[in-house]
Participant: 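I'd like to ask some things about the structure below.
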Amino acid sequence: MRRHVLVRSAVVVAALVTTAGVVPATAVPHAAEPQDAAEVVLPAETRYVPRTDDVLEAGSTGYVHRQEGANAPVLTDYASGETKGLSDYSTPGALDHSGLRAMALGTSVNPAAIRITDQTTGHANTVEIPEGFLWTGAYTADSVVAYRLTDRAMSGISVFRQVDGKTVEQPLTGIPQGAITAVAVKQDSDGVVLRFRSQGRTLAQYLLQYNTATIRALPSNFWPRDITLGKGYVLGDEQTNEPLRVLRRDDPSAETTIALPKPSGGNESTLVRPVVIGDWIVFRTAIDPHAAPYVLGNKLWAVPVAGGTARELLPHVRDSVAFRPDGSALVTGGTGPKDWAIRRVTVGADGAPSLAVVRELPPVTARIKGIALGTGTLSYFSDSERDPSPSLYERKISPTGEVAEPVVRSHPFRDGARVQALGDGHTVYEAGKDLLSPSDTGRERIVQLPDTATLVDGFGQFTIGRTASQQYVGDLDRGLNDSVVLSGAKSAAALWGTTLWRPVGNSGTIEAYDLRSKQTTSTADIGCNPQELQALGRWIYWSCGPDKAGVYDRELKHSVAVPGGDVLLGDGFTVRHDHTTNKLALTDFSAGAGTAPTTSEVGDPKQSQEDDRRLSWTVDKFGGGLAYVDAEERIHIRRVAVGRSPLAIIESHSDTEMRLAADGRVPDEWHGSWQLSRPPVAWTVTVEDAKGRVVRTLRGDGKAQGALVSAVWDGNDDKGRMAPGGRQTWRLKVDIGDGAGLREMAGGDIRLWSYSDKFRDFDSDGLGDLLGITPNGTFDLRLGTGRGGVDGKLSGTSWKSATAAIPFGDFDGDRRNDVLVRLSSGELRAYHVYPGSGLWSEGWYTRIGTGWNIYDTLTSPGDLTGDGRADLVAREASTGDLYLYADNGARNFKPRVKIGRGWTGYTLTGAGDVNGDGKADLLARDTSGALWVYPGTGNGPLGARTKIGGGWQVYNALVGAGDLNADGKPDLLARGTDGVLWSYAGDGKGNFAGRQRIGGGWQMYKYLF
């Protein structure tokens, strides 16, 4: 991709993108930027439509043509190239052909003489017409054709030639019987087609050849819409797709037809414009008038008179084709606007048509009208050669000042309008009743007003537009039929983020109105009723008339006076266009109220009309730069080296939760967006788990949408694996290219609903949950809150036959924890738990086996064997022996293994990794009320016990419920005999902190697991 970097100073423009913010809580100061004023100059481009220069007549020594921008046609000499004006070219009554012009002297009905001027030499002849003769309109350089009318009947027709100052008559024979008039239909320097009429009807058409003084009748059925004369041929053109009829001039009765190639595209009509060059017909199809402004011209073709394959001579020519007396022709065309010329079509050495340049036509400079600069993007309207219609172009600017090639963003089909950067990488422009913002998908967001719209301001999704009598705040995201959010009488107004600044009546006070909350958030006293407002973070520009303007400093609560007029606000400066001197003047007030501003000249934009103000220059509200178009249609991009406001977040949004499916499908994604006060060169969003480990890093090196950072997380970690459910945190860091690197700007939490590898997590949020069965058989899944307790519930019914429920790990291989349920019959089942749903007895389950009534305790501490799968611990009621059932990975258990004796009297609960060694542990309360932790060894058996403490006999239920406070450590729930539930936070070292009351009424559950 070609890039342009033309720098006047020694240092390349470094940023062109940064500005102020309005959220002090997130404002971060940064290093001062270099005080150079580098400038990038983009060369002018070529207009798409080539220079217009239509040939009207082609003579032997020169040609008449109409040039673009000229008031009248001009005459250009072939040999010298000298051009002179023809102010009388459009004289009424004049007839032209072959570079000649004939004017009747006397009455037009019965002239006494005809004056014939060679327009290429200026030489003139006057040929007298005897009394009684009427002029047919036919003529050559020294002769005319006239007929005698006697007793209302044509009695003769003659050629009158000027010879040595005398008029010589040459009578012609063969005129049709009964003719009373004769009119020249088509003529060249060799002859003329005459149309004879009798009273009330046309009799016939005849061809007069001057060199032989013969007049021959054309076929009686030869009445085409258009006739073309060429050396040796007469062409009949129906101006449709019908074949051309070709007659020989020396024998008009000899006729052939030629089928021309049909038009190939929608920009061509069926009309043809043929001329004869030697023994070839050269032609082109006409341009559809509606498409004419957007096409270069259609192809020029040649086909042999005798028939054959057509040849393409030029890819693009205009409509005008002028035949020369020598048998050649002039056309205007070429391959494109940079290869455009008046060309001569003549017979080449091989007898076929060839082309030669008569006059090169230099390209026209593309005009720029409407320009915006913001967040690393230059936008402007132009009729550049890059696209057929006037278009809105965008050019990205790198942090080092490289300007990329233009990209067409929209086709407004107009030659310019006010356009403004919105800060989010998009622009908005005015187009009739609409304010349009092109999107990356090729569509346009629209705010439609009831009358012609003038763009006042825009930021993000919001716009301010005016009609002749009203003012409207529009929302580009709402859609066409609901885009206006506020309307009222015209007044001063400005946008910054979601804040609308507007006057409060005539009080001299302005207010900040938040468009989302619909609340006034602050006010400022400027001391007068403003006619114009502009907002940019800390600064509010106001104007109460041409001689009273200032910038209100929101930090110091005071205004600093600045020049008014045609002004735009930047970060710490204003730029004013002085239309008297046609200069841009910059006023630096970045030190704030209390310090006198300074003013300097910064550019020479092209002059503009009153209604075109600010269409040729702009200020970057997000970057401390400006751009303007000079008189040569070059774009200058200048950096403004003044003190900048700190980087800030203007507005933001981030999801607080997301859901993923265990099979890898992504029904949801996490989205975060932050509108910054200046565009970053790089940014990162890191997602971390509850233990502070980085799960995923999202990077945006140069990928921000202007100053809008948008991040999307699909739920996978940096290795492409789905992240487990639980609480995640995100942190946004931004680098704006000032040398300070990445700085943290914001952070927050995400509750991720995914598969779960967390102990006792059934709703895939990473938190432990509690199971309870009521006496009537309701099975409740009580959800961990992340604050140490449980709260909401998901319920299932018909569980009266359940005698035990064991929260388990992933038993069926779906990456979610399951629940083992023992029925009164002794059958053990593994039930699949669906996230967001309770446990239903009719739900999907795996039958494990029968005979499980021999155990009075069933619990799962987690993985005791170190194979990555949860295991089951069972105490036999009759012996007090403790058995381990290891998950076999095939939806069942391996044969039991005895891991202890004498466990009668203990209250047992699986607890997860209580001591933080990475292995599952078992909690046991003895008959004295002492609580013990039995650590797992990782290979099946339990290790030596450690006492946690005494007094636990006050509880009638103990449940190792997993991580309830989102600190990554398993916690313990205990229910008192009074029904109060308590939570004990695990310290990850084998003990628990003081208890936390969850609430009463928990005696409603017969069982808690």
Side-chain angles (χ1 to χ4, degrees), residues 758-763 765-797 799-800 802-807 819 838-839 856-861 905-912 914 921-933 947-988 990-1009:
K758 304 295 176 63
F759 183 66
R760 291 182 62 102
D761 177 19
F762 294 103
D763 59 355
D765 65 352
L767 300 173
D769 303 310
L770 178 66
L771 303 181
I773 301 178
T774 67
N776 67 1
T778 299
F779 198 130
D780 285 342
L781 177 62
R782 303 303 299 262
L783 305 178
T785 63
R787 300 181 299 276
V790 291
D791 191 1
K793 63 182 179 180
L794 300 170
S795 299
T797 58
W799 287 100
K800 285 186 178 182
T803 59
I806 305 97
V819 177
L839 194 66
D856 62 358
T857 296
L858 293 170
T859 190
S860 176
Y906 283 95
T907 301
L908 305 177
T909 182
V914 172
D921 304 316
L922 182 70
L923 293 179
R925 181 185 63 185
D926 63 22
T927 55
S928 69
L931 187 65
W932 304 84
V933 58
K947 187 176 182 179
I948 293 174
W952 292 81
Q953 70 275 12
V954 300
Y955 300 116
N956 61 17
L958 292 173
V959 180
D963 181 15
L964 298 175
N965 59 7
D967 65 354
K969 302 164 187 176
D971 306 314
L972 181 64
L973 291 175
R975 181 180 66 183
T977 56
D978 58 356
V980 174
L981 189 66
W982 302 86
S983 174
Y984 288 85
D987 64 2
N991 212 324
F992 297 93
R995 68 182 185 176
Q996 171 188 346
R997 190 178 191 274
I998 303 303
W1002 288 84
Q1003 68 271 22
M1004 66 179 288
Y1005 292 108
K1006 181 179 180 181
Y1007 305 111
L1008 287 175
F1009 302 99

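The figures here come from the full heavy-atom set of this structure, side chains too, leaving out hydrogens, waters and symmetry mates. Note that the structure is predicted; figures quoted are calculated from it, not measured.
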Participant: Could you check whether R995 makes a cation-pi contact with W982, meaning its NZ or CZ is under 6.0 Å from the centre of the six-membered ring and within 45° of the ring axis?
Facilitator: yes

Participant: Which atom names give the shortest non-hydrogen contact between Y906 and A924, and what distance separates them?
Facilitator: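 In terms of heavy atoms, the two residues are closest at CD2-CB, 3.7 Å.
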
Participant: Under the 3.5 angstrom rule, does the side chain of D971 hit a backbone N or O of D963 as a donor-acceptor pair?
Facilitator: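 It does not hold such a pair.
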
Participant: Which residue is it: W799, Y1005, Y1007? I am looking for the one with a ring-ring contact (aromatic ring centres under 6.0 Å, His included) to F779.
Facilitator: W799

Participant: Can you tell me how far OG1 of T774 sits from CD of Q1003, rounded to the nearest 0.5 angstrom?
Facilitator: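 Those atoms lie 13.0 Å apart.
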
Participant: So, for N965 and A985, which heavy atoms are closest and what is the spacing to 0.1 Å?
Facilitator: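 Minimum heavy-atom contact is ND2-CB, 3.7 Å.
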
Participant: Nearest 0.5 Å, what's the CH2-CG distance between W932 and D926?
Facilitator: 6.5 Å

Participant: How far does OG1 of T977 sit from CD of Q953, to the nearest 0.5 angstrom?
Facilitator: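 It comes to 10.5 Å.
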
Participant: What closest approach, in Å, do P807 and S860 show between heavy atoms, and which atom pair accounts for it?
Facilitator: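 Of all heavy-atom pairs spanning P807 and S860, the closest is O-CB, 3.5 Å.
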
Participant: Kindly indicate, with the supporting measurements, whether the criterion side-chain contact (heavy atoms from CB on, under 4.5 Å) is fulfilled by L964 and V790.
Facilitator: CA-CA 7 Å; L964 298 175; V790 291; 4.0 Å; yes

Participant: Where is the tightest heavy-atom contact between A911 and P970, given as atom of each residue plus distance?
Facilitator: O-CB, 3.3 Å

Participant: Which atom pair, heavy atoms only, marks the closest approach of L922 to P861?
Facilitator: CD1-CG, 4.2 Å

Participant: Looking at S983 and Q996, would you say the former's side chain and the latter's main chain have a donor-acceptor pair under 3.5 Å?
Facilitator: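 Not at all, since once roles are kept as given, no pair shorter than 3.5 Å links the two residues.
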
Participant: Could you walk me through whether L783 and L794 pass the side-chain contact (heavy atoms from CB on, under 4.5 Å) check?
Facilitator: CA-CA 8 Å; L783 305 178; L794 300 170; 4.3 Å; yes

Participant: Relative to each other, are the rings of Y955 and Y984 parallel, tilted or perpendicular (30° and 60° limits)?
Facilitator: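 Perpendicular, since the angle between the ring planes exceeds 60°.
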
Participant: If every non-hydrogen atom of L1008 is compared with every non-hydrogen atom of A957, which pair is closest and at what distance?
Facilitator: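 Shortest heavy-atom contact: CD1-CB, 4.2 Å.
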
Participant: Test L931 against L972 for side-chain contact (heavy atoms from CB on, under 4.5 Å), laying out the working first.
Facilitator: CA-CA 12 Å; L931 187 65; L972 181 64; 4.0 Å; yes

Participant: Within a strict 4.5 Å, meaning less than it, do heavy atoms of the L771 and V819 side chains meet?
Facilitator: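 When only atoms from C-beta onward are counted, V819 and L771 do touch, with a gap below 4.5 Å.
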
Participant: To the nearest 0.5 Å, what is the distance between CG on L839 and CG on D780?
Facilitator: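 So the CG of L839 and the CG of D780 are separated by 10.5 Å.
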
Participant: How far does CH2 of W1002 sit from CG of L770, to the nearest 0.5 angstrom?
Facilitator: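 One gets 5.5 Å once the value is rounded to the nearest 0.5 Å.
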
Participant: Determine whether a donor-acceptor pair (N or O, by modelled atom type, separation under 3.5 Å) exists between the side chain of R760 and the backbone of G960.
Facilitator: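 Checking the backbone N and O of G960 against the side chain of R760, a donor-acceptor pair under 3.5 Å is found.
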
Participant: Rounded to the nearest 0.5 Å, what's the gap from CG on L781 to CG on D769? Could you check?
Facilitator: 5.0 Å

